[in-house]
Amino acid sequence: MRLENAGTATWRSRGDGGIRAAFHWLDQLGNPIVWDGMRTPFSHPVAPGEEVEIELAVAAPIPPGPYRLSFELIEEHRFWFSEIGCSPLEIAIDVAPRIAERRLEVRVHGGPNEATAIALAAQEEPIVDSDAAAIAHLVAGAIPPPEWSRILLDAHAEGWAAVGTAVVSQRRDRSLDPWAATGGRNPRFDDPLLLPSLLPEADLSEHLGLPAYVESDGLFDGRIAVTLPQRSGRRPT
């Protein structure tokens with residue numbers, strides 16, 4: 001983005017404060033979808049009358065669709081420049097799905113397992129062996145419902161890099177209570193995602209002896225539940 005300081009005060013970025021470039025995502029009627037976009041500081045003070053070119057990092061909104069991307073400056077903790085009479089730069093943008101192809105690979109940890117293989121063969125969206133857009137992680141003996149692959153791919157296309165579902169244990173295990181089926185989706189889930197489906201940029205971890213995603217930017221989808229076997233391969237605690 002190329003900007004000119006047409007005012008009488010120098011633009012200065014100071015750590016997390018001062019003047020920085022930012023953006024909003026708006027719908028087609030101008031309503032804000034994402035207001036506080038990522039900030040980009042200036043590398044040096046921009047004097048009155050000076051032009052400067054900066055490169056901004058932009059995170060796309062969820063879900064895909066038509067938006068207006070609005071760029072403007074902010075004086076942190078004080079005001080947006082639009083509040084003092086400056087017009088933002090708005091660009092119409094169609095946000096594409098996060099994944100170009102609906103291709104899901106499944107890795108069964110501790111497998112192979114006949115019960116898991118039968119459940120995967122019954123999926124609404126076929127499981128692939130290579131060139132997958134996302135990789136889902138199960139443990140041997142885990143039974144996902146038939147709509148599991150479709151819902152995972154829907155969420156990835158929507159924009160989520162990591163998706164986890166509810167889990168059901170066939171033995172009494174209170175440690176799994178946070179992952180009970182809820183019938184809803186939670187993008188601010190406080191616990192790691194268990195048996196997650198991940199895009200290539202998301203890192204696999206472990207929690208309670210199960211494959212997990214431990215970052216805070218994934219989606220928990222409690223509408224579907226994976227049933228764990230009597231012996232799930234979890235290590236003793």
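Start at 1 with the first residue, then count along the sequence.
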Ring centres of His207 and Trp179 under 6.0 Å apart? yes
Using modelled atom types and a 3.5 Å cut-off, is there a donor and acceptor pairing between side-chain atoms of Arg150 and backbone atoms of Pro146? no
Residues at least two apart in sequence or cross-chain that pass salt bridge (Lys or Arg N to Asp or Glu O under 4.0 Å) with Asp36, listed by chain then number, are Arg39
Considering only NZ, NE, NH1 and NH2 on the basic side and carboxylate oxygens on the acidic side, decide whether Glu53 and Arg2 come within less than 4.0 Å.
yes
Side chains of Val58 and Trp25 in contact at under 4.5 Å (non-hydrogen atoms): yes
From the list Leu176, Thr165, Val139, Leu228, side-chain contact (heavy atoms from CB on, under 4.5 Å) with Leu194 holds only for Leu176
Value for CZ (Phe189) from CG (Leu219), rounded to nearest 0.5 Å, stands at 10.5 Å
So do the side chains of Val163 and Tyr213 get within less than 4.5 Å of each other, counting heavy atoms only?
no
Between His137 and His109, how do the two ring planes meet: parallel, tilted or perpendicular, split at 30° and 60°? tilted
Q. Would you say the side chain of Glu125 lies within less than 4.5 Å of the side chain of Leu104, judging by non-hydrogen atoms?
A. no
ask   = Is there a donor-acceptor contact under 3.5 Å from the side chain of Arg12 to the main chain of Val46?
value = no
Salt bridge (Lys or Arg N to Asp or Glu O under 4.0 Å) pairs touching residues 156-169, sequence neighbours excluded, are Glu158-Arg185
Q. Under a 4.5 Å cut-off applied to non-hydrogen side-chain atoms, are Ile99 and Leu153 in contact?
A. yes
- Whether Arg103 side chain and Ser130 backbone form a donor-acceptor pair below 3.5 Å: yes
Going by heavy atoms in the side chains, are Phe71 and Leu69 under 4.5 Å from each other? yes
**Prompt:** So with a 6.0 Å cut-off around CG of Asp190, is the heavy-atom count from everything else above 12?
**Reply:** no
Would you confirm whether Glu215, through its side chain, and Ala162, through its main-chain N or O, come within 3.5 Å as a donor-acceptor pair?
no
Within-4.5 Å side-chain heavy-atom neighbours: Asp131 and Glu101: no
Exercise. Below 4.0 angstrom, N of the basic side chain to O of the carboxylate: do Arg98 and Glu201 qualify?
Worked result: yes
(message) Tell me if the CD atom of Glu51 is crowded by more than 12 foreign heavy atoms within 6.0 Å.
(response) yes
For a quick test of your reading: what N or O donor-acceptor pairs under 3.5 Å do the side chains of residues 80-88 make, sequence neighbours left out?
unit_1 : atom_1 : unit_2 : atom_2 : d
Ser82  : OG     : Glu72  : OE1    : 3.1
Ser82  : OG     : Glu72  : OE2    : 3.2
Glu83  : OE1    : Trp80  : N      : 2.9

**N/O donor-acceptor pair under 3.5 Å between Ser13 side chain and Phe42 backbone** = yes
**Prompt:** side chain to side chain contact (heavy atoms under 4.5 Å, CB included) between Ile19 and Ile74: does it pass, once the steps are laid out?
**Reply:** CA-CA 6 Å; Ile19 295 175; Ile74 182 173; over 6 Å; no
Do Phe220 and Asp191 touch side chain to side chain, with heavy atoms closer than 4.5 Å?
no
- [ ] Given side chain to side chain contact (heavy atoms under 4.5 Å, CB included), test Val106 with Leu138 step by step and report yes or no.
- [x] CA-CA 7 Å; Val106 178; Leu138 296 174; 3.9 Å; yes
Test Val34 against Ile62 for side chain to side chain contact (heavy atoms under 4.5 Å, CB included), laying out the working first.
CA-CA 9 Å; Val34 176; Ile62 294 174; over 6 Å; no
Is the CG atom of Asn31 crowded by more than 12 outside heavy atoms at less than 6.0 Å? yes
Rounding to 0.5 Å, atoms OG (Ser169) and CG (Leu208) come to a distance of 11.0 Å
**Request:** Walk me through it: do Ser149 and Ile127 pass the test side chain to side chain contact (heavy atoms under 4.5 Å, CB included)?
**Result:** CA-CA 8 Å; Ser149 60; Ile127 306 303; 4.2 Å; yes
*Considering only heavy atoms from C-beta outward, does the side chain of Asp27 approach that of Arg68 to under 4.5 Å?*
no
N-O pairing of Glu75 and Arg14 below 4.0 Å: yes
- Message: Under 4.0 Å between a side-chain nitrogen and a carboxylate oxygen: does that hold for Glu105 and Arg107?
- Response: yes
Check: Thr116 side chain, Ala142 main-chain N or O, donor-acceptor pair, under 3.5 Å: yes
